[in-house]
Protein chains: 2
Amino acid sequence: MALNQTFKAIADPVRRQILEGLKSHRQSAGEIAAAFQLSQATVSYHLKLLKAAGLVNTTKEKNFVYYELNTSVFEEMLTWIYRMGAMGGSQDED
Amino acid sequence: MALNQTFKAIADPVRRQILEGLKSHRQSAGEIAAAFQLSQATVSYHLKLLKAAGLVNTTKEKNFVYYELNTSVFEEMLTWIYRMGAMGGSQDED
DNA sequence: ACTCTATTTAGATTTTTTTCGAAATAGGGT
DNA sequence: ACCCTATTTCGAAAAAAATCTAAATAGAGT
């Protein structure tokens, strides 16, 4: 199950912030790193995990590597959460 | 933000399994622990994190402590994910 | 081919999380 | 009061994750 990887990826506040920064527009690794008080290497490590989890896609352009959101992976998570019974209403037991 | 705690709680496979076991009916700490090959102390630790995250509620009865799901906390997560753009369709940029 | 810039990888260290066994707590029942 | 069962807390050890600096890679432009 790749779900575990997804949940783990999303569990870190730095990685969630990266994803949030990617919501409106893609960003290069450098731009992303600039938003944090962490070394570029550390941010690169987080980026690698996000990519491995399928949460972002990359495009290479010139020397730059652009990262963009891949929302499709969120749906698995959504499904898991829904299955737990979190559909906003009050559903009865059967 | 308590969201961080929630995401962290959900990130561990043992804890997710505990929640899944609680989907249909409440369980005592002992019953929960019996489903894992972990010491009772370890399971108790996971239970504590789930409780701290608000994902479960407890009721004391006799010597037993019963755990049950609290689905309301899931909604915050749901909201976060939705905000990331994961609403199943293809929403355009503004 | 050389150099510059952007990014990733390597190796080591620190921090956080998970785990255990043993001891402590709590609430009955006798 | 004592014992029994269920659960939690404590303190330490092991495992996993995050972080850093320095070195490696990659691609462009000259």
Side-chain angles (χ1 to χ4, degrees), chain A residues 1-22 25-70 73 77, chain B residues 1-22 25-70 73 77:
Chain A
M1 214 197 269
L3 237 205
N4 190 43
Q5 222 178 354
T6 313
F7 277 121
K8 278 251 179 85
I10 236 70
D12 185 276
V14 170
R15 289 193 290 270
R16 280 202 306 281
Q17 235 176 291
I18 291 175
L19 293 176
E20 280 166 18
L22 257 30
H25 50 280
R26 69 178 200 171
Q27 280 184 298
S28 70
E31 290 177 295
I32 294 167
F36 296 91
Q37 302 207 265
L38 294 169
S39 72
Q40 191 127 328
T42 297
V43 174
S44 187
Y45 156 78
H46 285 300
L47 254 10
K48 185 165 76 171
L49 296 194
L50 288 172
K51 174 119 202 240
L55 287 161
V56 296
N57 293 325
T58 58
T59 325
K60 203 150 200 190
E61 224 162 286
K62 214 200 141 186
N63 318 13
F64 302 86
V65 178
Y66 288 99
Y67 284 81
E68 64 185 339
L69 260 188
N70 177 15
V73 182
M77 266 193 295
Chain B
M1 215 197 268
L3 238 204
N4 189 42
Q5 223 178 353
T6 313
F7 277 121
K8 279 250 180 86
I10 236 71
D12 185 275
V14 170
R15 289 191 291 269
R16 280 202 307 281
Q17 234 175 292
I18 291 175
L19 292 176
E20 280 166 17
L22 256 32
H25 50 279
R26 69 177 199 171
Q27 280 184 299
S28 69
E31 290 177 295
I32 294 168
F36 296 91
Q37 303 208 262
L38 295 168
S39 71
Q40 191 126 309
T42 297
V43 174
S44 187
Y45 158 78
H46 286 298
L47 255 10
K48 185 165 76 171
L49 296 194
L50 288 173
K51 174 119 203 240
L55 286 160
V56 296
N57 293 326
T58 57
T59 325
K60 203 151 201 189
E61 225 162 285
K62 214 201 141 190
N63 318 10
F64 302 86
V65 177
Y66 288 99
Y67 285 81
E68 64 185 339
L69 262 188
N70 177 15
V73 181
M77 266 193 294

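Naming: A, B, ... by sequence-line order, numbering from 1 per chain. These numbers come from a predicted model, not from an experiment.
For the pair A:Lys48 and A:Phe64, both in contact range of DNA chain C, the more 5′-proximal nearest nucleotide belongs to A:Phe64.
Checking the phosphate oxygens (OP1, OP2) of D:dA6, no side-chain nitrogen or oxygen of B:Lys62 falls inside 4.0 Å. Residue B:Thr42 places no side-chain N or O under 4.0 Å from the OP1 or OP2 atom of C:dT19. Proximity of B:His46 to the phosphate of C:dT19: a side-chain N or O atom is located under 4.0 Å from OP1 or OP2. Here A:Lys60 does not reach the OP1 or OP2 of D:dA26: none of its side-chain N or O atoms lies under 4.0 Å away. Between C:dT8 and A:Tyr67, a contact under 4.0 Å exists linking OP1 or OP2 to a side-chain N or O. Side-chain nitrogen and oxygen atoms of A:Ser28 include none within less than 4.0 Å of the OP1 or OP2 phosphate oxygen of C:dA6.
Whole-Å rounding puts the B:Ile32 CD1 to D:dT8 C1' distance at 14 Å. In this structure, A:Lys8 atom NZ and D:dA18 atom C1' are separated by 14 Å, rounded to whole Å. If you measure from atom CG of B:Leu47 to atom P of D:dA6, you get 16 Å, rounded to the nearest angstrom. For A:Glu31 and C:dT5, the CD to P distance is 17 Å, given to the nearest whole Å. Atom pair A:Arg15:CZ and D:dT19:C1' shows a separation of 12 Å (rounding to whole Å applied). Atom pair A:Tyr45:OH and D:dA18:C1' shows a separation of 5 Å (rounding to whole Å applied). Following rounding to the nearest Å, B:Leu38 (CG) and C:dC20 (P) show an atom-to-atom distance of 5 Å. We find that CG of B:Asn4 is positioned 14 Å from C1' of C:dT17, with the value rounded to whole Å.
Remark: side-chain polar atoms of A:Arg16 are paired, donor with acceptor, to backbone N or O of A:Ala11 under 3.5 angstrom. Within the 3.5 Å criterion, the main-chain N or O of B:Asn57 finds no donor-acceptor partner in the side chain of B:Arg26. For the pair A:Glu31 (side chain) and A:Ser28 (backbone), a donor-acceptor distance under 3.5 Å is present.
Listed nucleotides: C:dG27, C:dT5, D:dT7. Nearest to the side chain of B:Asn63: C:dG27. Side-chain proximity of A:Ala41 to D:dA22, C:dT18, D:dT9: nearest is D:dA22.
Taken to the nearest 0.5 Å, the CG atom of A:Leu50 stands 11.5 Å off from the CG atom of A:Asn70.
A:Ala29 comes within contact range of the sugar-phosphate backbone alone, with a heavy-atom separation under 4.0 Å but no base atom that close.
Using a 4.5 Å cut-off on side-chain heavy atoms (C-beta onward), A:Ile10 and B:Ile10 make no contact.
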